[in-house]
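Counting starts at 1 for both ligands and their atoms, in listed order.
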Amino acid sequence: MNTTRVTIDPSFRIAEADRQLFGSFVEHMGRCVYGGIFDPGHPEADSLGLRQDVLRLTRELGVTVVRYPGGNFVSGYRWEDGVGPTGDRPRRLDLAWKSIETNAFGLNEFMTWAQAAGVEPMMAVNLGTRGVQEACDLLEYANHPGGTYFADLRRKHGVDAPYGIRLWCLGNELDGPWQVGHKTATEYGRLAAETARAMKLIDPRISLVACGSSNRSMPTFAGWEATVLEHVYEHVDYISAHTYYDPSDGDRASILASAVDMDAFINDVVATADHVAAKHRHRRRLKISFDEWNVWYQQRLQGDLDRRGWVEAPALIEDTFTATDAVVVGDLLITLLRHADRVGVACQAQLVNVIAPIRTVSGRPAWRQSIFHPFALTSRYARGTVLRTEPDGPTHDTARYGEVSSVDLVAVHDEEPGALAVFAVNRGGDDLTLDLDLRGFPALTGAEHVALDASSESNTTNHPDRVIPQARPRPVVDAGRSSVRLRAASWNLIRYTPSRSD
Ligand code: AHR
């Protein structure tokens with residue numbers, strides 16, 4: 001059998017695995033909010049309409065940060081519509097998703113939900129149809145203690161203490177011609193810089209994310225980042241990146257290798273940001289906020305939009321994910337972790353129903369899609385220091401990315417209690433042996449190996465547990481070496497814990 005060899009050593013330190021890498025995204029899109037996290041008629045809804053089954057699954061997923069309220073939606077959103085007495089809130093056209101927005105759910109409902117879910121909010125401001133003033137008004141409403149118009153309006157709305165929201169996105173995908181209020185890099189860069197300066201005058205503790213490209217294949221990619229950063233570098237903390245991988249063409253070898261593209265994307269954005277830093281003698285290095293990423297059967301979107309007129313909360317891109325998609329998601333998480341020194345925030349898009357790990361139908365319990373499982377296990381066990389690894393082993397060919405390494409992996413060392421978690425994907429078509437040299441960890445013993453094999457199987461409302469990770473034989477450590485079988489096209493979590501000294 002083919003073998004991939006890797007040495008893992010505690011001194012090969014990349015960075016701490018930031019908990020913010022396990023973010024998600026709630027957009028006013030389709031049934032993510034309405035019928036998703038908020039569903040007043042549902043038997044599991046509390047008195048505010050928040051679905052408790054969805055909240056339980058959100059906590060189980062291990063989500064740490066949630067971006068809100070968009071997405072393309074935010075580029076036409078008036079945040080004031082979503083606060084104050086519900087009966088007074090206007091119904092509006094949402095141009096991004098050709099929907100009617102009732103505004104029954106807004107900032108204060110989201111903050112109540114976020115507190116119940118135990119997640120940190122990441123708020124986006126509208127820099128599509130709006131600008132500096134409205135972003136400042138929103139920040140004042142959210143974070144200023146009182147004694148001014150918008151802070152007192154929040155208090156009038158029943159929220160006495162300021163929220164202290166720390167993470168803010170300066171608009172969404174404004175490089176995209178589909179975006180309401182689409183801009184050139186110079187137009188956006190100027191607006192983002194002025195908005196950032198003003199927002200930091202109101203609350204200097206906030207962290208700001210400037211919009212990078214909507215994906216790496218945009219014709220303006222890299223030039224967009226360079227121009228935007230010329231304007232905003234000193235005012236922001238992150239530059240965003242978005243990417244979705246589409247399995248629609250059925251090319252399984254290529255979709256399984258999607259992380260190759262994400263890896264190159266991160267390297268390109270880092271190089272571009274560092275070029276601007278070098279040119280302007282900035283000592284501070286920017287991080288990436290990878291605030292939209294996932295698998296997405298994108299060819300279905302146009303059909304969803306074409307089939308209807310203006311309606312409330314239509315079902316949009318409710319993709320049913322396969323076990324193969326879950327393996328891809330596991331590998332994308334491996335890639336994000338491996339770049340923990342330069343990726344500071346990451347949000348899987350989206351949380352519920354819309355290309356999501358959690359699905360709902362009206363009146364019935366929520367369920368976990370296949371992609372739920374690698375996310376939940378990675379969030380649970382990728383704690384501590386990410387270690388550099390150089391796998392040496394077989395490669396195979398893919399139509400989209402050429403020759404790729406069959407094994408992709410990352411190791412995370414939790415110094416207290418001294419545990420080691422190895423996340424590994426075999427992207428190839430043959431079973432492999434993974435030979436780990438663990439002599440740098442003399443006291444480790446094998447704890448567990450769980451794995452998920454790629455297939456066309458999916459979870460559904462009637463079969464919610466068809467795709468779940470399976471236990472494999474417990475790994476053995478012998479003279480500092482551990483040999484593990486990685487089945488063809490599989491995602492794997494291999495854990496080692498300290499040997500008992502008694
Ligand atoms: O997540 C779905 C959409 O994808 C978001 O609204 C947009 O930002 C991206 O293009």
Side-chain angles (χ1 to χ4, degrees), residues 23-34 36-37 63 65-77 93-99 101 110 122-129 167-183 188 192 209-221 224 228 238-248 258 262 265 288-305 313-319 321 325 329 332 345-359 369 371 375:
S24 190
F25 177 32
V26 166
E27 176 166 7
H28 284 244
M29 173 179 181
R31 299 189 319 114
C32 185
V33 171
Y34 304 105
I37 64 173
V63 167
V65 168
V66 175
R67 183 165 172 254
Y68 174 84
N72 296 346
F73 171 80
V74 81
S75 296
Y77 183 49
L93 295 178
D94 160 22
L95 305 185
W97 303 117
K98 205 174 163 193
S99 307
E101 171 57 50
F110 175 71
M122 181 183 194
M123 201 59 60
V125 302
N126 174 357
L127 291 189
T129 60
L167 278 169
W168 293 81
C169 303
L170 297 165
N172 177 71
E173 292 189 354
L174 285 145
D175 63 319
W178 60 84
Q179 200 71 210
V180 176
H182 162 58
K183 292 175 175 48
Y188 171 71
V209 183
C211 286
S213 295
S214 307
N215 60 70
R216 189 166 170 245
S217 48
M218 294 297 290
T220 49
F221 173 62
W224 169 274
V228 166
Y238 303 93
I239 178 89
S240 75
H242 291 179
T243 196
Y244 294 99
Y245 295 101
D246 190 345
S248 309
S258 299
M262 182 190 247
F265 191 174
I288 295 173
S289 171
F290 219 120
D291 45 44
E292 286 187 34
W293 67 267
N294 209 348
V295 173
W296 176 1
Y297 291 77
Q298 271 171 297
Q299 292 170 13
R300 296 177 190 162
L301 171 63
Q302 200 50 50
D304 282 359
L305 292 174
L316 289 180
I317 56 171
E318 300 199 358
D319 285 357
F321 292 113
D325 300 330
V329 161
L332 297 176
V345 180
C347 303
Q348 188 183 37
Q350 298 188 8
L351 181 67
V352 189
N353 290 330
V354 177
I355 44 171
I358 301 171
R359 289 281 294 275
Q369 292 231 61
I371 62 168
F375 191 108

Heavy-atom distances under 4.0 Å are what count here, so tell me which part of N172 touches ligand 1: side chain, backbone, both or neither.
->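 Side chain only.
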How does F73 reach ligand 1, if at all, at less than 4.0 Å between non-hydrogen atoms: by side chain, backbone, both, or neither?
->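 It is neither part, as no heavy atom is under 4.0 Å.
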Against heavy atoms of G71, which atoms of ligand 1 measure under 4.0 Å?
->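 Listed by number with element, the hits are 5 (C), 6 (O), 8 (O).
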Where ligand 1 meets F25 - atom numbers and elements under 4.0 angstrom, heavy-atom basis |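 The atoms of ligand 1 under 4.0 Å from a heavy atom of F25 are 1 (O).
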Nearest non-hydrogen atom to atom 1 (O) of ligand 1 belongs to which of W178, Y244, W97, W296?
->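 Closest candidate by heavy-atom distance is Y244.
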Nearest neighbour in protein (non-hydrogen) for [atom]:
{"atom": "atom 4 (O) of ligand 1", "answer": "E292 OE1, 3.2 Å"}
{"atom": "atom 7 (C) of ligand 1", "answer": "N72 OD1, 3.2 Å"}
{"atom": "atom 10 (O) of ligand 1", "answer": "E173 OE1, 2.7 Å"}
{"atom": "atom 2 (C) of ligand 1", "answer": "Q350 NE2, 3.4 Å"}

Report yes if the side chains of N72 and W178 come closer than 4.5 Å at any heavy-atom pair, otherwise no.
->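 They are in side-chain contact.
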Do the non-hydrogen side-chain atoms of P177 and M218 ever get within less than 4.5 Å of each other?
->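 Heavy-atom side-chain distance check passes, below 4.5 Å.
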Please assess W224 against Y188 for the test ring-ring contact (aromatic ring centres under 6.0 Å, His included), listing each intermediate value before the final yes or no.
-> CA-CA 10 Å; W224 169 274; Y188 171 71; 5.6 Å; yes
So among L174, L127, V74, which one has a side chain to side chain contact (heavy atoms under 4.5 Å, CB included) with Q179?
->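 Testing each of L174, L127, V74 against Q179, the sole residue satisfying side chain to side chain contact (heavy atoms under 4.5 Å, CB included) is L174.
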Hey, does E27 come in under 3.5 Å of ligand 1, counting only N/O atoms on both sides?
->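 Yes, at least one N or O pair falls under 3.5 Å.
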Distance flag, aromatic centroids of Y34 and H28, threshold under 6.0 Å =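 Yes.
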Quick one: are the ring centres of F25 and Y68 less than 6.0 Å apart?
->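 Between F25 and Y68, the centre distance exceeds or equals 6.0 Å.
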Give the minimum heavy-atom separation between S240 and G212, together with the two atoms involved.
->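 Shortest heavy-atom separation between S240 and G212 comes out as OG-N, 2.9 Å.
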